Amino acid sequence: MADEAPFQFLHNEMIQYIYKTAENGETENGRNITKLETMGFRVGQGLIERLTKDTARYKDELDVMKFICKDFWTCVFKKQIDNLRTNHQGIYVLQDNKFRLLSQMSAGKQYLDQAPKYLAFTCGLVRGGLSNLGVKSIVTAEVSVMPACKFQVMIQKV
Amino acid sequence: MSRQSNRTTDSKKMNSELFTLTYGALVTQLCKDYENDEEVNKQLDKMGYNIGVRLIEDFLARSSIGRCQDFRETADVIAKVAFKMYLGITPSVTNWSPAGDEFSLILENNPLVDFVELPDNHSTLIYSNLLCGVLRGALEMVQMAVDVKFAQDTLRGDNVTEIRMKFIKRIEENLPAGDE
């Protein structure tokens, strides 16, 4: 869809910019990932406010996660999360078998070490969205075979 | 269900909001990194250029538009096809120079600046400068050197947003030395 393209191009360019302007090479990797994640957080907060303007309150955590997997993911990536698993104790794993931001990059193990850069923004997006729905969390991502990836959400009990 | 149909029209708008919000986060980060607005403007232009050189291929693949015969046709394609495709708006093409090498794109509303206000200490920031870079980069890949700048900006108090595009020259394709 043509309206996905601007965001994807902008996202890739942002990652290039953050990495290019970092002073050191390898040692700054963590800082850059954090910067991207923080940007995603702000965007996620704003986006979820717009998206849930007219919807009813969510019954519980699981409802919130289901919303993220269906409506939020569809809005941002034009597809739903393929698999949601939970241990019912605050840990949720969202699996996307064909993650839009990685599908153009590789279909296997090539460039696997570059993948975390491209997931940081989305982790922040999810964390920001959850935060404005009243759920404090830590979101991480892992990739073993592109373009499938798993986002792990750890709910923080305040 | 009426709720369903709300969702489909909303999702198109939401996607442009995702882009708008992401762009806002980017500009905020740039303002933090660089002390003065000129640097930010330059950086936005550079990033836009990098996006433009890739976007043109995406555009040509999706639209299967052939080569434009002249600058007027280029202007129409940019306004009516490209802007519509990627940003969902159709700017109007006006203010042609007598020589036919300069024109303006008038945007009634600029999706990039939804929810945006410029604070007083950033009065020289050209917030949407990325667009200039994108247009410049994309046209360079189709052998046109152009100069793109903002003539009017709603964020700085004008009524409309006006992008002025000037044709500089046709870029000759350089064959590597040694080819016939």
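Every value quoted in this text rests on a predicted model; they were computed, and no experiment measured them. Proteins get letters first, then strands, A, B, ... in listed order; numbering begins at 1 in each.
Residue-environment remark: NZ (B/Lys80) stays at or below the threshold of 12 foreign heavy atoms within 6.0 Å. Counting non-hydrogen atoms of neighbouring residues, nucleotides and ligands closer than 6.0 angstrom, the CD atom of B/Glu57 reaches no more than 12 such neighbours. Within 6.0 Å of CG in B/Asn159 there are 12 or fewer heavy atoms belonging to other residues, nucleotides or ligands. For B/Glu38, the CD atom counts as loosely surrounded, since its 6.0 Å shell holds 12 or fewer non-hydrogen atoms of other residues, nucleotides or ligands.
Under a hydrophobic-cluster definition in which Ile, Leu, Val, Met, Phe, Trp and Tyr are linked whenever side-chain heavy atoms come within less than 4.5 Å, directly or via other members, A/Val135 and A/Ile138 are assigned to different clusters. In terms of hydrophobic clustering, with Ile, Leu, Val, Met, Phe, Trp and Tyr side chains grouped at heavy-atom distances under 4.5 Å, B/Met141 and B/Val146 are assigned to a common cluster. If you chain together hydrophobic residues whose side chains sit under 4.5 Å apart, B/Ile171 and B/Val53 never meet in one group. A continuous path of ILVMFWY side-chain contacts below 4.5 Å connects A/Leu62 to A/Leu94, so both sit in one hydrophobic cluster. Each of A/Val93 and A/Phe67 belongs to its own hydrophobic cluster when Ile, Leu, Val, Met, Phe, Trp and Tyr are linked at side-chain heavy-atom distances under 4.5 angstrom.
Residues B/Tyr34 and A/Tyr17 approach most closely at CE1-OH, 3.3 Å, considering heavy atoms. Of all the heavy atoms in A/Gly46 and B/Leu21, the pair that sits closest is C-CD1, 3.8 Å. In terms of heavy atoms, B/Tyr86 sits closest to A/Pro6 at O-CG, 3.5 Å. Closest of all the heavy-atom pairs between A/Leu10 and B/Ile51 is CA-CD1, 3.9 Å.
Two residues are said to be in side-chain contact when any heavy atoms from C-beta on lie closer than 4.5 Å; B/Leu26 and A/Glu13 fail this criterion.
We find the OG1-CD distance between A/Thr21 and B/Gln43 to be 7.5 Å, quoted to the nearest 0.5 Å. To the nearest 0.5 Å, atom CZ of residue B/Arg54 and atom CD of residue A/Gln8 are 13.0 Å apart. Between B/Met47 atom CE and A/Lys20 atom NZ the span is 8.0 Å, to the nearest 0.5 Å. With values rounded to the nearest 0.5 angstrom, A/Leu125 atom CG is found 7.0 Å from B/Thr22 atom OG1.
For A/Phe9, the parts sitting under 4.5 Å from any heavy atom of chain B are the backbone and the side chain alike. Only the side chain of B/Phe115 comes within less than 4.5 Å of a heavy atom of chain A; its backbone N, CA, C and O stay farther away.
Ranked by heavy-atom pairs shorter than 4.5 Å toward chain B, the options A/Arg42, A/His11, A/Met14 are led by A/Met14. Interface remark: of the candidates B/Thr20, B/Thr28, B/Asp33, B/Leu130, B/Asp33 forms the most heavy-atom pairs closer than 4.5 Å to chain A.
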